[in-house]
Amino acid sequence: MTEVLWWVLVVALIGAGLVGTVLPALPGTVLILAGIVLGAWIDGFTRVGPFTLVLVSALAVLAWALEYVAGLLGAQRAGASRWALVGAALGTVAGLLMGLVGVLFMPLVGAALGEYWAQTELRRQGRADGGGAAPASHVQAMQQDLRKALHVGVSAWLGMLVGLLAKVVLACIMVGVFVVALAL
């Protein structure tokens with residue numbers, strides 16, 4: 001009977017991990033990895049051996065890294081400033097307090113606000129790139145700053161979504177490798 005309870009814990013850890021791949025409040029891939037290691041231990045590491053555990057661990061590290069790198073690359077590709085990256089990070093933290101909608105959209109808002117602030121500071125210092133000729137008015141300058149900020153915010157957000165999708169796919173592969181190893 002206790003072995004059944006252990007397996008229930010394995011399933012619970014993996015299930016919570018799969019949910020955690022979408023909700024950043026839970027360490028998704030870590031929970032999946034913990035469930036897989038527990039499952040391997042229960043089975044005495046006979047069907048899920050060292051090779052499988054190393055493979056699943058590597059997938060977990062890759063999933064974790066891709067999640068963060070993709071968002072940064074998206075922002076960087078759009079020419080994001082350091083403040084846009086800080087804004088995206090702060091937006092992510094604020095989004096955690098707002099549920100799923102906040103988690104999905106607050107990084108975009110944070111990156112856009114950070115970039116807007118950076119652009120207005122650069123313009124005040126007379127160093128804004130502005131994408132060409134200097135604007136004729138203050139309103140045009142603000143519009144230019146807003147366009148750049150929105151472009152950076154959307155790019156960072158799209159990068160984050162690509163990273164999230166990659167993390168979900170890798171998490172599912174981790175579970176699949178574990179199930180196949182158990183079945184063989």
Run the side chain to side chain contact (heavy atoms under 4.5 Å, CB included) test against V69 and tell me which residues pass, sequence neighbours left out. L73
If you take all heavy atoms of A111 and G153, which pair is closest and at what distance? CB-CA, 3.9 Å
Could you identify which residues cluster with L90, counting Ile, Leu, Val, Met, Phe, Trp and Tyr as linked when any side-chain heavy atoms lie under 4.5 Å apart, either directly or through a chain of such contacts? W83, V86, W117
Would a hydrophobic clustering, with Ile, Leu, Val, Met, Phe, Trp and Tyr connected at side-chain separations under 4.5 Å, put V56 with V11? no
Only pairs at least two apart or in different chains count here, so list each salt bridge (Lys or Arg N to Asp or Glu O under 4.0 Å) that has a residue in residues 170-184. none
With ILVMFWY side chains joined below 4.5 Å, transitively, what does L146's cluster contain besides itself? Y116, M142
Go through the structure and list residues passing side-chain hydrogen bond (donor to acceptor under 3.5 Å, both in side chains) with T52, not counting sequence neighbours. none
Minimum-distance pair of heavy atoms, taken over all atoms of T29 and A63: CG2-CB, 3.7 Å
Which distance, rounded to the nearest 0.5 Å, do you find between the CG of D145 and the CD of Q140? 12.0 Å
The criterion is ring pair (Phe, Tyr, Trp, His ring centres under 6.0 Å); which residues satisfy it with F105, sequence neighbours excluded? W157
Pairs involving residues 41-52, ordered by first then second residue, that meet salt bridge (Lys or Arg N to Asp or Glu O under 4.0 Å) (sequence neighbours left out): D43-R47
I36 reachable from L55 in the ILVMFWY side-chain graph, under 4.5 Å edges: yes
Restricting to non-hydrogen atoms, name the atom on A60 and the atom on L33 that form the minimum distance, rounded to 0.1 Å. CB-CD2, 4.3 Å
Partner residues of L158 under the side chain to side chain contact (heavy atoms under 4.5 Å, CB included) criterion, sequence neighbours left out: V154
Counting N and O atoms only, with roles assigned by atom type, does the side chain of K167 sit under 3.5 Å from a partner on the main chain of T21, one being a donor and the other an acceptor? yes
Of all heavy-atom pairs linking A70 and G159, the shortest is CB-O, 3.2 Å
Are V101 and M106 connected in the hydrophobic side-chain network, where two residues link if heavy atoms are under 4.5 Å apart? yes
Residues forming a ring pair (Phe, Tyr, Trp, His ring centres under 6.0 Å) with W41, sequence neighbours excluded: W6
Value rounded to 0.5 Å, distance of CG in L13 from CG in L38: 6.5 Å
Going by atom type alone, with no hydrogens or angles, which donor-acceptor pairs under 3.5 Å involve a side-chain atom of residues 168-184 and a protein atom two or more places apart or on another chain?
none

Could you state whether L31 and V37 fall into the same hydrophobic cluster, counting links through intermediate Ile, Leu, Val, Met, Phe, Trp or Tyr residues with side-chain heavy atoms under 4.5 angstrom apart? yes
Residues forming a side chain to side chain contact (heavy atoms under 4.5 Å, CB included) with V139, sequence neighbours excluded: S137, Q143
Using the rule that Ile, Leu, Val, Met, Phe, Trp and Tyr join whenever any side-chain heavy atoms are under 4.5 Å apart, tell me whether M98 and L108 fall into a single cluster. yes
Just jot down the side chain to side chain contact (heavy atoms under 4.5 Å, CB included) partners of A84, sequence neighbours excluded, or say none. A80, S81, E115, V152
Can you tell if the side chain of W64 reaches within under 4.5 Å of the side chain of V30, non-hydrogen atoms only? no
